[in-house]
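Below are the structure tokens for one structure; questions will follow.
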Amino acid sequence: MESKPHLRFAPSPTGYLHIGGARTALFNWLYARRFGGSFVLRMEDTDRERSTPESVRAILDGLRWLGIDWDEGPEVGGPHGPYFQSERIPLYRETAERLVRDGHAYRCYCTKEELDERRKAFEKMGRPYKYEGTCRSRKDEPDRPFVIRLRLPDSGAVRFDDVVCGAIRKDVDDLYDEVLCRSDYVPLYDFGCVVDDHAMGITLVGRGQEHINSTFPQLVLYEYLGFAPPRFAHFPLILGPDREKLSKRLHPEADVMLHRKNGVLPDALLNFIVRLGWSHGNDEVISREQMIAWFDFDHVGTTSGVWNPEKLLWLNQQYLKAARPEELEGQFAEQLRARGWPVPDGGRLRGIIRAQQERSHTLAEMADLSAYFFAEPARDPKAAEKFLTAASRPALERIRDGLGKLAPFEPAAVEALFKATAEALGLGLGKVAQPVRVALTGGTVSPPIHDLVALLGKETALARLDRALAEIR
RNA sequence: GGCCCCGUCGUCUAACGGUCAGGACACCAGCCUCUCACGCUGGGUACAUGGGUUCGAAUCCCGUCGGGGUCACCA
């Protein structure tokens, strides 16, 4: 390929950014970044009922959160604007009229009601309905609303070589004279797509496999218009855990921003998504830089992939584990605020993160595991029954006294105290640490005992030990 | 139903005519160990199916079965 590739992501702003859209954007973006091309963002907002400014906002926010930037599009402009189809009507009008003039399209005055009736009649007979071409040779031009329809060739086939799927073909007989645009020249998908992809200099259209079938009429349009068609790459679909196509209605996890709320890191989500349909040998944990260095449509598969929440969680844990605590502060603080807990100062906040980051799958889990740092813990009765016993009283008392005198109140000193105590009592460290852990956290699970104690602070640690001691008869 | 695409462990996938079919998640066992987790070691599980082509097929061809997509004045 001589010239730089130009790719795009063209969502319709009818809701939040969903996972399928995010992956389509990611693949196109990666390809553009890898090969030094450009990445265009275009809003296909021609469905007036469903398109909303809030959705535009949500999509932009979602892409930015993921770190997918665009060279041209909303809020950044560019030489091919405007980037909202609703603002490009004159171009569609001019193009549609040219097609009519050239005999490649025609005005159709059939009403929606008439068409619906015909469709129903066909369905009743158990036959598939295709527009019959009623207005194909119509000469009069009644003063009525119309649509402009594509005039298909009488015969032949449309074929193309898909970058990921290979050779695909379809007979013109299996197509129909579809609607290009309405009376007000607001385009439908195929028409707007072709006009804009050409006008915006798109050389490679990457989209989900659900669009394979719309490629055929689009190719007819390229031909009629005398435009050189771009190359097409159709990506495999993403299915929900129930093997249905991932959809907003059926699958809450289709919402990109839900994962943010759950405390998933954008890089982890990107990593998970990029591996759905693409691979690079045996690599699993793949950084943003590596994705850009390695991504290629050659290694995009053809089979639909199923959403696997466990693997996302595992990946997120890998990223959590590898992150510097300061990188997690912001998103972790969001979790604390969501629970109505005070956000500690930076040092303590980072300390908690450091203590929990390798034992959390998400920042939400990290917050939940850290509850006892922020509020008086509820005591797990089973844990109390097993560890807060008369037998553990000597250990608890010695630790309580030792802690009371401890200075500085730091992990190394705490650890030394625990070791000395265990030795003095002739016990294993576990016999000392576990009762203390239950006294301090209410349960049997926490970071290492010395980190836990130091992070809790002397005052809180002593208070909780006193309370536990008081409860042991 | 017509048309289009697809079919390797439960899941994501590697393999681009010759491998004991590899890796990862999950699962099981063990090690490490103050708990949990991390980490490490080991384990089981897959080429949908029937026919070809070939010295040789998960890889190529055809049928069957199965899955998905699409059939709007949505995108």
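So you know, we letter chains A, B, ... as the sequences are listed, proteins then strands, and number each from 1. Side-chain atoms are counted along with the backbone in the values below, which use heavy atoms only and exclude waters and symmetry mates.
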Practice prompt. Could you check whether Val179(A) gets within reach of a base, just the sugar-phosphate, or nothing at all, counting any heavy atom under 4.0 Å?
Written response: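 Val179(A): backbone/sugar contact only, no base atoms under 4.0 Å.
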
Discussion item. Roughly how many Å apart are A21(B) and C25(B), using the P atom of each and rounding to a whole number?
Written reply: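 After rounding to an integer number of Å, I get 22 Å for this pair.
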
Discussion item. Using a heavy-atom cut-off of 4.0 Å across all strands, would you classify Arg119(A) as base, sugar-phosphate, or nothing?
Written reply: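 Sugar-phosphate contact only - Arg119(A) comes under 4.0 Å of backbone atoms but never of a base.
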
Practice prompt. Looking only at side-chain atoms of Ile449(A), point me to the closest of C34(B), C73(B), C38(B).
Written response: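 Of the options given, the side chain of Ile449(A) lies nearest C34(B).
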
Practice prompt. Would you check if the distance from the ring center of Phe235(A) to the ring center of Phe27(A) is below 6.0 Å?
Written response: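 For Phe235(A) and Phe27(A), the ring centres are under 6.0 Å apart.
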
Worksheet item: How is Glu49(A) classified with respect to the nucleic acid when contacts are heavy atoms under 4.0 Å: base, sugar-phosphate, or nothing?
Response: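 Answer is nothing: Glu49(A) stays at 4.0 Å or more from every strand.
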
Item to complete: Would you classify Thr111(A) as touching base, sugar-phosphate or nothing, given that sugar-phosphate means primed atoms plus P, OP1 and OP2, and contacts are heavy atoms under 4.0 Å?
Response: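 Base, at least one base heavy atom under 4.0 Å.
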
Practice prompt. Looking only at side-chain atoms of His211(A), point me to the closest of C12(B), A75(B), C73(B).
Written response: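 Side chain of His211(A) sits closest to A75(B).
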
Fill in: Residue whose nearest RNA chain B nucleotide is more 5′ - Gly430(A) or Gly305(A)
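By nearest-heavy-atom nucleotide position, the 5'-most residue is Gly305(A).
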
Item to complete: Check every atom of G68(B), C73(B), C34(B) against the side chain of Pro448(A) and return the nucleotide holding the closest atom.
Response: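 Looking only at heavy atoms from C-beta outward on Pro448(A), the closest nucleotide is C34(B).
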
Practice prompt. Look at the side chain of Arg437(A) against the base of C34(B) and say whether a donor-acceptor pair falls under 3.5 Å; ignore hydrogens and angles.
Written response: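 Side chain to base: pair found, below 3.5 Å.
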
Discussion item. Let's test this: given Watson-Crick or G-U wobble pairing with both distances under 3.5 Å, identify the partner of C25(B).
Written reply: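 G10(B) is the nucleotide pairing with C25(B).
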
Worksheet item: Taking atom types as modelled, is there a side-chain donor on Thr215(A) or Arg207(A) under 3.5 Å from an acceptor on the other?
Response: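 Present: a donor and an acceptor within the cut-off.
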
Discussion item. Just the rounded figure in Å: distance from C1' of U13(B) to CH2 of Trp314(A).
Written reply: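 So the two atoms are 13 Å apart, to the nearest Å.
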
Worksheet item: With both distances kept under 3.5 Å, what pairs with U33(B), Watson-Crick or G-U wobble?
Response: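 Its partner is none (no Watson-Crick or G-U wobble pair with both distances under 3.5 Å).
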
Item to complete: When you get a sec, tell me which of C5(B), G69(B), A15(B) is the closest nucleotide to the side chain of Ile168(A)?
Response: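 Nearest to the side-chain atoms of Ile168(A), counting from C-beta on, is C5(B).
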
Fill in: Residue Thr303(A), side-chain atoms from C-beta onward, closest of A75(B), G39(B), U8(B)
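So the side chain of Thr303(A) is nearest to U8(B).
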
Discussion item. Does A14(B) have OP1 or OP2 under 4.0 Å away from a side-chain N or O of Ser279(A)?
Written reply: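 Answer is yes, contact under 4.0 Å.
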
Worksheet item: Rounded to the nearest Å, what distance is computed from the CG atom of residue Leu188(A) to the P atom of nucleotide C73(B)?
Response: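 Result: 7 Å.
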
Fill in: Nearest listed nucleotide, side chain of Lys311(A), among A24(B), C4(B), C73(B)
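Out of A24(B), C4(B), C73(B), the nucleotide with an atom closest to Lys311(A)'s side chain is A24(B).
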
Practice prompt. Decide yes or no, distance alone: a donor-acceptor N/O pair under 3.5 angstrom between the base of C5(B) and the side-chain of His234(A).
Written response: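 Not at all, since no donor on one side and acceptor on the other fall under 3.5 Å apart.
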
Worksheet item: C32(B) P sits how many Å from Leu429(A) CG, rounded?
Response: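 Distance, rounded to whole Å: 16 Å.
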
Worksheet entry | Identified pairing partner of C20(B), criterion: Watson-Crick or G-U wobble below 3.5 Å |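 Because no pair has both required distances under 3.5 Å, C20(B) counts as unpaired.
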
Worksheet item: Base, sugar-phosphate alone, or nothing: which one does Tyr176(A) contact when heavy atoms must sit under 4.0 Å apart?
Response: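 It contacts sugar-phosphate atoms only.
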
Worksheet item: Is Gly208(A) touching bases, backbone alone, or none of the nucleic acid, heavy atoms closer than 4.0 Å?
Response: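 Here Gly208(A) touches no strand at all.
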
Worksheet entry | is_close_aromatic(Trp278(A), Phe295(A)), centroid dist under 6.0 Å |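 Ring centres of Phe295(A) and Trp278(A) closer than 6.0 Å.
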
Worksheet entry | side-chain N/O Gln209(A) vs G68(B) OP1/OP2, d < 4.0 Å |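 For G68(B), neither OP1 nor OP2 has a side-chain N or O of Gln209(A) closer than 4.0 Å.
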
Worksheet entry | Nearest-Å distance for atom pair CD1/P, residues Ile148(A) and C73(B) |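 So the two atoms are 15 Å apart, to the nearest Å.
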
Fill in: Distance, P atom - from G50(B) to A57(B), rounded to whole angstrom
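That atom pair is separated by 14 Å.
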
Fill in: Residue mapping more 5' on RNA chain B - nearest nucleotide basis, Lys245(A) or Asp190(A)
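Nearer the 5' end of the strand: Lys245(A).
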
Worksheet entry | Donor-acceptor pair under 3.5 Å, Asn282(A) side chain vs G22(B) base |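 When only heavy-atom distances are counted, Asn282(A) does reach the base of G22(B) through a donor-acceptor pair under 3.5 Å.
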
Worksheet item: Going by distance alone, is a donor N or O of one side chain under 3.5 Å from an acceptor N or O of the other, for Asp196(A) and Tyr92(A)?
Response: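 Distance-only check passes for Asp196(A) and Tyr92(A).
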
Discussion item. Testing the 3.5 Å rule here: is there a donor-acceptor pair between the side chains of His361(A) and Asn316(A)?
Written reply: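 Asn316(A) and His361(A) do not have a side-chain donor-acceptor pair below 3.5 Å.
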
Worksheet entry | Integer angstrom distance from the P of C6(B) to that of A14(B) |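 Approximately 15 Å lies between the P atom of C6(B) and that of A14(B).
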
Discussion item. In whole Å, I'd like the distance from the CD atom of Gln356(A) to the P atom of U35(B).
Written reply: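 Between P of U35(B) and CD of Gln356(A): 16 Å.
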
Practice prompt. Take atom P in G30(B) and the same atom in A37(B), then report the distance between them in whole Å.
Written response: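 Result for the P pair: 14 Å, nearest Å.
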
Practice prompt. Would you kindly give the CZ-to-C1' distance between Arg243(A) and C12(B), to the nearest whole Å?
Written response: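 Spelled out: CZ on Arg243(A) to C1' on C12(B) is 12 Å.
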
Worksheet item: At under 4.0 Å between heavy atoms, what does Asn308(A) touch on the DNA or RNA strands: base, sugar-phosphate, or nothing?
Response: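 Base contact.
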
Worksheet entry | Atom P, compared across U64(B) and C3(B): separation rounded to whole Å |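 Pairwise P distance, U64(B) against C3(B), rounds to 12 Å.
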
Worksheet entry | Pairing of Arg136(A) and Asp154(A) as salt bridge, 4.0 angstrom limit |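 Judged by the 4.0 Å cut-off on N to carboxylate O distance, Arg136(A) and Asp154(A) do form a salt bridge.
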
Discussion item. Any side-chain N or O of Thr444(A) below 4.0 angstrom from OP1/OP2 of C36(B)?
Written reply: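 No, no such contact exists.
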
Worksheet entry | Inter-nucleotide C1' distance (C60(B), A15(B)), Å rounded |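 Nearest-Å result for C60(B) against A15(B) at atom C1': 16 Å.
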
Worksheet item: Do you see a donor-acceptor pair shorter than 3.5 Å between the side chains of Asp190(A) and Gln218(A)?
Response: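 On atom types as modelled, these side chains qualify, holding a pair under 3.5 Å.
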
Discussion item. Once you apply a heavy-atom cut-off of 4.0 Å, does Ser446(A) come out as touching a base, just sugar-phosphate, or nothing?
Written reply: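 Base contact.
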
Worksheet item: Has Lys170(A) got a side-chain N or O lying under 4.0 Å from the OP1 or OP2 atom of U70(B)?
Response: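 Result: no.
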
Discussion item. Distance criterion of 3.5 Å, no angle test: do you see the side chain of Arg359(A) paired donor-to-acceptor with the base of C38(B)?
Written reply: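 When only heavy-atom distances are counted, Arg359(A) does not reach the base of C38(B) through any donor-acceptor pair under 3.5 Å.
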
Worksheet item: Atom CG of Leu239(A) and atom P of C12(B): how far apart are they, to the nearest Å?
Response: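 In whole Å, C12(B) P lies 8 Å from Leu239(A) CG.
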
Item to complete: Round to a whole Å and report the spacing from OH of Tyr189(A) to P of G69(B).
Response: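 So the two atoms are 16 Å apart, to the nearest Å.
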
Discussion item. Looking only at the side chain of Arg275(A) (C-beta and beyond, no hydrogens), which of the listed nucleotides G39(B), A75(B), G23(B) gets closest?
Written reply: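 Output: G23(B).
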
Discussion item. Under 3.5 Å, is there a donor on one side chain and an acceptor on the other for Arg437(A) and Gln434(A)?
Written reply: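 Looking only at side-chain atoms, Gln434(A) and Arg437(A) do form a donor-acceptor pair, the distance falling under 3.5 Å.
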
Discussion item. If you compare every side-chain N and O of Gln318(A) against the phosphate oxygens of G39(B) (OP1, OP2), does one of them come in below 4.0 Å?
Written reply: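 For Gln318(A), the contact criterion (side-chain N or O under 4.0 Å from OP1 or OP2 of G39(B)) is met.
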
Practice prompt. Say whether Glu97(A) and Tyr185(A), considering side chains only, have a donor N or O and an acceptor N or O under 3.5 Å apart.
Written response: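 The criterion, which ignores hydrogens and geometry beyond distance, is satisfied for Tyr185(A) and Glu97(A).
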
Item to complete: Select base, sugar-phosphate, or nothing to describe what Lys321(A) touches, counting heavy atoms under 4.0 Å on all strands.
Response: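 Counting heavy atoms under 4.0 Å across all strands, the contact made by Lys321(A) is with sugar-phosphate only.
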
Worksheet item: Do Glu365(A) and Ser360(A) have side-chain atoms, one donor and one acceptor, less than 3.5 Å apart?
Response: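 No.
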
Worksheet item: When rounded to the nearest Å, what value does the distance between P atoms of G7(B) and G39(B) take?
Response: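 Result for the P pair: 33 Å, nearest Å.
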
Worksheet item: With a 4.0 Å cut-off on heavy atoms, is Glu123(A) in touch with a base, just the backbone sugar-phosphate, or nothing at all?
Response: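 No contact.
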
Discussion item. Only pairs with both distances under 3.5 Å count, Watson-Crick or wobble alike; so what is the partner of U70(B) in this structure?
Written reply: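 When the pairing criteria are applied, G2(B) turns out to be the nucleotide that pairs with U70(B).
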
Worksheet item: How far does the P atom of C12(B) sit from the matching atom of G69(B), given to the nearest Å?
Response: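 That atom pair is separated by 15 Å.
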
Worksheet item: Would you say the base of G23(B) and the side-chain of Glu284(A) have a donor-acceptor pair closer than 3.5 Å?
Response: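 Per atom types, the contact qualifies.
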
Item to complete: Scan Pro236(A) against the nucleic acid and name what it touches under 4.0 Å (heavy atoms): base, sugar-phosphate only, or nothing.
Response: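 Nothing: the residue Pro236(A), judged by heavy atoms under 4.0 Å, touches no strand.
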
